[in-house]
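See below for the structure under consideration.
Keep in mind that the numbers below use all heavy atoms, side chains included, and drop hydrogens, waters and symmetry copies.
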Amino acid sequence: MSNFCRAVQKQLPTVQFARQAYHEVYIEFKNKILDYTAVEKSLLQLYTSMSPQQDKQATLWHIPVCYDETLAPDLTYFMQIKQMSLEELIHLHTKSLYTVHFIGFLPGFLYLGGMDPALSLARKDTPSQLIKKGSVAIGGHQTGIYPQDSPGGWHSIGYTPISFFDPQKSAPTWAKAGDKVKFYTIKKTELSTLKIQIQAQDFQIQSEEYHG
Amino acid sequence: MDKAYILSANSAFSIQAQPRSVHTRYGVPIGGPVDKKAAHGINILLDNSKQTPVLEWALMGPKLQFSAPTYIVVSTFSKHTLLNNKPVRPNEKTFVPSDSILKLGAHPDKVYSYLAIQGGFKVKKILGSKSSLATYTDQGATSHFSYQGIRDHTFARNRPSFAFPSAATNRLVRNIPAHPGPEYAQLNKIQKQALDQYFTLSSKRNRMGMQIQEPLANALPSILSAPIQPGTIQLTPSGKLILLGKDCQTTGGYPRILWLPSKALTTLYQLQSGIKFKFDISEYS
C-alpha cells in the first residue's frame, strides 16, 4: 500500500500528490479528470505491476517508553479495568512489532497496527481535555503516541521523550508509512538522562533495516 | 525589517498563504485562506503575488500598530475597521503612516476578513508554506509580524477596486452544491430525505470544522480511519454533521456522507452562525 502510494505520485504525471490511510489512497490530480476510465486503468495497471516484495523494505524503529503512573494518568485505571499487572501490560505492549499504516489525526501521529487484542479498551466516553505530548496511549484496538498536547479519547499508559514531529525539517517525521515500530521499557530514573541526551541532540533513535 | 505589532486580539486570527498539500501525508493540515478569492484579490491590488501572506481573522480582528509607513488593503467593510480612528474603505489601496493604529472589525455578513500589506507579512516558511500552523488568539503586546515598510510617501490614488461576489445576506441560503461522499450510499432512504431540509450553522466552529445544529437520526457506525479533506461532511455516531475546514485533520473515522466543492465550502464558511441553508445534492460529473 505505502509503496503503491509513492509509485502513484512518482509515476503518474497527472497526479499532484497521493497519501493513504489503512485501505484507501487519496489522490489529488493537477487538473480536472476528463477521462475517468483511463485514470482508473492506469492506476490498476500500476497496482498490479507492483511486486509484493516492494512493500517489505522498511525501517524498524525502537522507541523507549516509561510505563509510570506519574507520567501516564490512565495507567492505574487501565490496569484495574483490565485486571492486569504492570509487568503483564509492559510485556504485552513491548512484545509486538507494530506497522506504521499511515500518519494522520495530528501532525506526526502514527497509526500503528498489530497491538495484542488483550490490550484493547474502548475509548473514553468523554475525551480528556489534555493529553500530554509524548503520551503513549491505547484507544480501541489501536495504540499510538501523541506528538503534541491535544484533547483526546485514548487511555494514556506510558510516556516517551522521543519527538515525532519537527516542523523545521523538510521531512518532519522520521517514520514513513510501511515502517515498523517496537517499544522498549525504560525506568523513570533513565528517563531524565535520556531527556538530557535528546535536548543536547546526543541521542539517535535506534533503528535497523527491516525485511519482511 | 519593520513591524506590525499585535496590540490586542479578541478572536482567532492567523497568517494565511499557500496551502501545504504534500505535507498532509505527515498529518499536517492543508491550511490556506478560508476565502481564497478575497485573499488573492487584495494582494493583487497591492501588486503582490496572489499567495503573498495575508492576515485572516474571524469576526472581530486584532488591533495592530505599524512601525513604518506602508500600504494595506482590507477585504471587507466594517464600521469598526478604523485606521487612526478613521474608517477604511475595503478593496482599496490605503496608505498607512508610521505609528498608525489599525483596528480590524467584523463585517456585518461575512465571518472571515483579510488584511494584505504591500510586500506581504514576512513570516517564516514552515513545511513549504507561510500559512500559520495554528491560529493565534491573543498574542499579547510584544508579538509582531514583520513587513517591508516604505520610505517614500508616494500615494497611488484612484486605484481600481476589485469586485467580489457579496456573501448572501438572506437568512435562508439555498443551493449549496454538494456531492455524495464515499459513505453516502450507506444512508437509508429516510436519512437521505432528511438531507433535503434546511440546516443551521451552529456556533461551534473554527478553521478545523463547523458543526451543523440539526442532527441526523440513526447515524452510521464509525469507519476505519480514511482520508478526509476540507469540504468533507462527516456524520458522527451521535448524529452530528460536521463540515471540515481548511485546518481539518487529514484522516478521520466518521462516515463521509457528502463533500462540497471548494467554492461552496467558502460560501458556507463565510456565513454567520444561525443562518439556515440547504444542500443541492447531485452526482459529481
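There is no contact between A/Y36 and chain B, counting heavy-atom distances below 4.5 Å. With a threshold of 4.5 angstrom between heavy atoms, A/A171 approaches chain B through its backbone and through its side chain. Of the atoms belonging to A/Q142, not a single heavy atom falls under 4.5 Å from chain B. Heavy atoms closer than 4.5 Å to chain B are found in the side chain of A/F165, but not in its backbone. With a threshold of 4.5 angstrom between heavy atoms, A/K169 approaches chain B through N, CA, C or O but not through any side-chain atom. Looking at B/K125, neither its backbone nor its side chain comes within 4.5 Å of chain A, counting heavy atoms on both sides.
Side-chain contact between A/P107 and B/Y26 is absent, with no heavy atoms from C-beta onward closer than 4.5 Å.
Few gaps surround NZ on A/K176; more than 12 heavy atoms of other groups in view lie less than 6.0 Å from it. Summarising the local packing, NZ of B/K240 is surrounded by 12 or fewer heavy atoms from other residues, nucleotides or ligands at distances under 6.0 Å. Heavy atoms from other residues, nucleotides or ligands lying under 6.0 Å from CD of A/Q83 number 12 at most. Within 6.0 Å of the NE2 atom in A/H141, the count of heavy atoms belonging to other residues, nucleotides or ligands does not exceed 12. Taking a 6.0 Å sphere around NZ of A/K180, one finds it holds more than 12 heavy atoms contributed by other residues, nucleotides or ligands. Heavy-atom contacts from other residues, nucleotides or ligands closer than 6.0 Å to OH of A/Y184 number more than 12. At most 12 heavy atoms of other shown residues, nucleotides or ligands fall within 6.0 angstrom of atom OH in B/Y254. In the displayed structure, B/K204 atom NZ is contacted under 6.0 Å by at most 12 heavy atoms of other residues, nucleotides or ligands.
Atom-to-atom distance recorded for A/H23:NE2 and B/L224:CG is 5.0 Å, nearest 0.5 angstrom. Note that the OH atom of A/Y111 and the OG atom of B/S225 stand 4.0 Å from one another [nearest 0.5 Å]. Rounded to the nearest 0.5 Å, atoms CD1 (A/I103) and CZ (B/R25) are 9.5 Å apart. Put simply, CZ on A/F17 and CZ on B/R20 are 13.0 Å apart, with the number rounded to the nearest 0.5 Å. The distance from atom CD of A/E24 to atom CZ of B/R256, rounded to the nearest 0.5 Å, is 4.0 Å.
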Problem - Audit row: A/Y26, B/T250, side-chain contact (heavy atoms from CB on, under 4.5 Å) steps and yes/no - result: CA-CA 10 Å; A/Y26 173 89; B/T250 54; over 6 Å; no
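For chain A, the option among B/P227, B/A226, B/P29 with the highest count of heavy-atom pairs below 4.5 Å is B/P227.
Shown here for A/P167 and B/L133, the closest heavy-atom pair between the two residues is CB-CD1, 4.0 Å. The shortest heavy-atom contact between B/T251 and A/F105 is OG1-N, 3.3 Å.
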